[in-house]
Number of protein chains: 4
Amino acid sequence: MSPRNIEKDQKLRDERQRQILEAAMHVIARRGLPATKIADIASTAGISVGNVYKYFRSKDDIFKALVESGQQEYREFVEHALHLEGSSYDKLYWYTENWLSYRNGWAITVILQYARTSEAVPEHVTQAVSARFIDNLRPMAEMIAEGQAEGVIKNGGSLELALIYVSMMEGLILHNIPGIHEIAMLTPDKMLALLLK
Amino acid sequence: MSPRNIEKDQKLRDERQRQILEAAMHVIARRGLPATKIADIASTAGISVGNVYKYFRSKDDIFKALVESGQQEYREFVEHALHLEGSSYDKLYWYTENWLSYRNGWAITVILQYARTSEAVPEHVTQAVSARFIDNLRPMAEMIAEGQAEGVIKNGGSLELALIYVSMMEGLILHNIPGIHEIAMLTPDKMLALLLK
Amino acid sequence: MSPRNIEKDQKLRDERQRQILEAAMHVIARRGLPATKIADIASTAGISVGNVYKYFRSKDDIFKALVESGQQEYREFVEHALHLEGSSYDKLYWYTENWLSYRNGWAITVILQYARTSEAVPEHVTQAVSARFIDNLRPMAEMIAEGQAEGVIKNGGSLELALIYVSMMEGLILHNIPGIHEIAMLTPDKMLALLLK
Amino acid sequence: MSPRNIEKDQKLRDERQRQILEAAMHVIARRGLPATKIADIASTAGISVGNVYKYFRSKDDIFKALVESGQQEYREFVEHALHLEGSSYDKLYWYTENWLSYRNGWAITVILQYARTSEAVPEHVTQAVSARFIDNLRPMAEMIAEGQAEGVIKNGGSLELALIYVSMMEGLILHNIPGIHEIAMLTPDKMLALLLK
DNA sequence: AATGAATGAGTATTCATTCAT
DNA sequence: GATGAATGAATACTCATTCAT
């Protein structure tokens, strides 16, 4: 009866949804949530305004999905680092080098920071993001603990050091400043040096 | 009108202006610029909406003034640290302890971060803020260089280390997360440990 | 294609069209024209949105068809009453009893009332409906005139009395109020009593 | 301190509110609630769109206020009739003549009918309006009971007769049909004749 | 013919800014 | 100067209609 290919339709729907989130991530990271118009997201995604609403109930709904997928993407990233072959230094090096250069890393960092700190975000969202943020520190803490066992990394609470290191990376990522590279050629080894004995 | 009154009037104007900026700083830091209404600023400052416009031309004007006074306040703060009596460690300790706990520190950090990174901010503002940010790194770099001369602080480019340290502090300040203190009692010495040999 | 099939196709088309109008009648009567979405009509009719447009040019087109078929259905109803065997009282009784209880009576009454009175309806539609409404009063007027000739019904212009009686029925039908039956068990004889000498 | 006259301001506010409701009543009665734009109400009231929202939270809020004031206005009207000097016939005559010709009568009738019957109206509103409608029948029932005691009016439940009479008036009022007056010069005595013995 | 995804014009609502008092 | 009512441009969201499959 139906003249449409249901399976293919579903694939197209999933593809569209990813398309919208991808567009939203970059636009929102650059301008902030409230300054981003649905029309911006739609045109970046190459679709019409109305069609965005076929896939998401509201702008806030998009933001929520963005935050969730961002945190999941980060979790997979850091878990991947943890399970690499090699010394803990190698793992941390890989993490540092790749999160800095990864195309979505900056955008995810900016968006999650906004989600955690702005009172314009509903409190239950803020809290969920914060809880997950802390949970996402654990793989990094594990890498640090390994390094301490290997005698390479400074002593101290591994979770505390993880928080400090992640904060530093976030702080640096947020300094997307023109001209910053002229004063600092920040390479992973310079950043990791802070953790070393 | 006597010159006495004119002078007094001017003082009142300046006082009001500071009042408005103070209110704007806290409201904007919490909700972000676009989500903050002039009415919020006015009511926080305890004056009427219309009256705000007697002191500032527009919302953007308030933001610009905020950013400027914030950067100036930071500059004075860091210069003060640099000229303290004592070792470079003592100076950095004072800086770390006080900027973290200073009432306006958090708000200034949040606002300047937004001013630097959002495309919703006019480019000439972004650029001015960024340039001044780099300039404001110098007193910190000087303290670090002193510490290196004293043989206490790690080797490396002092401006680079300053950027890293400031980024870390900003990153930590932005983690105004409920529950974060249960996993990390961050004291100045733990943070400074990163810089030490 | 054989003429047999063409004929069959036409029947199917007519059937679908009636299906859509039937669905539209009930949805629109309940929510009003502007608050009714094409999607509501489609899903009530059990077909897809796109398919509705295979049978009607537009929402307004559906409404126009609805109004026409509603007025025709009413006309047939009242003509049927007029040509029943029996006294004029019997005819009026049958009319009163059955229009009140007839499944489409309420919906048709509501829709025609809207079509006649709302400025949101194009004027040429309003006028056509009104003209036909007046015309549709005539069979009722005839029944009343008969009753007057029989000496059972009050004196007075038969068309005027018809208008009054029909208005009363419409008014009552529009009082689809929960709880109304607890204060009034309205039976045809009570309503007809008004017309009697 | 305040440069505005508070008492005068309040009066102006009340005046504006009445202005908006008055405008809304006529526009909504003519076009229906969903087809009425806030811009229509605003321009009819002679103020700006934004200013409407200084006095009412939303379009639905306006509608609710309209319904309440409409029912109150009707109640006062019918109570006034009840307490007039004279026979019950005189009272009913006054009621019939004046509600028909009263400038707001038509609009109130149309709006209340919509409020009672459309599913587009939230159910708690529908129910409140219906309950009050039934309550508002009582003064009319009292007039009818008086008439029955005087031996002028037909026998029968007074509340039932009230419902029938009010429905008839509503039905007639809703027949705001061009050309209707050429077939029926409806005067109060013709309408009241229905109730007489 | 049937489907439902895609489009974009239309409307409710918000809020920076102005202005009469 | 101070106030807050008034304005209207801007934006989220809806829905009639079209169109590719």
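Every chain is numbered from 1 and lettered A, B, ... according to where its sequence line falls, protein lines coming before strand lines.
Of the residues in residues 32-39 of chain D, those lying under 4.0 Å from DNA chain E by heavy-atom distance are D/Thr36, D/Lys37, D/Ile38.
Looking only at side-chain heavy atoms (C-beta outward), A/Gln17 and A/Arg13 stay at 4.5 Å or farther from each other. Residues A/Arg30 and A/Val110 fail the side-chain proximity criterion, which asks for heavy atoms closer than 4.5 Å. A 4.5 Å side-chain heavy-atom check between B/Val27 and B/Lys37 finds every atom pair outside the cut-off.
Contact record, A/Ala115 with A/Val67: CB-CG2, 3.8 Å, taken as the closest heavy-atom pair. Among all heavy-atom pairs drawn from C/Leu21 and C/Ile62, the shortest one is CD2-O, 3.8 Å.
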Pairing string, 5' to 3', for DNA chain F - Watson-Crick or wobble contacts under 3.5 Å, brackets [ ] where pairs cross, | to another strand: .||||||||||||||||||||

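By the side-chain hydrogen bond (donor to acceptor under 3.5 Å, both in side chains) test, A/Arg18 pairs with A/Glu15, sequence neighbours left out.
If you check F/dC13, F/dA2, F/dT7 against the side chain of B/Ser48, the one that comes closest is F/dA2.
A close approach under 4.0 Å does occur between a side-chain nitrogen or oxygen of B/Arg13 and OP1 or OP2 of F/dG1. A sub-4.0 Å separation between OP1 or OP2 of F/dA6 and a side-chain N or O of D/Arg16 is present. Between B/Lys54 and F/dG1 there is no side-chain polar atom (N or O) within less than 4.0 angstrom of OP1 or OP2. One finds a side-chain N or O of A/Tyr55 lying less than 4.0 angstrom from the OP1 or OP2 phosphate oxygen of E/dA6. Applying the 4.0 Å criterion to OP1 and OP2 of F/dT14, one finds that A/Tyr53 has every side-chain N and O outside that range. Between A/Asn51 and E/dA5 there is no side-chain N or O to OP1 or OP2 distance below 4.0 Å.
Atom NZ in C/Lys59 sits about 15 Å away from atom P in F/dT14, given to the nearest Å.
The 5' end of DNA chain E is approached more closely, in terms of each residue's nearest nucleotide, by C/Ile47 than by the other of C/Ile47 and A/Val49.
Under the 3.5 Å distance criterion, with hydrogens and angles disregarded, no donor-acceptor pair is assigned to the side chains of C/Thr109 and C/Gln113.
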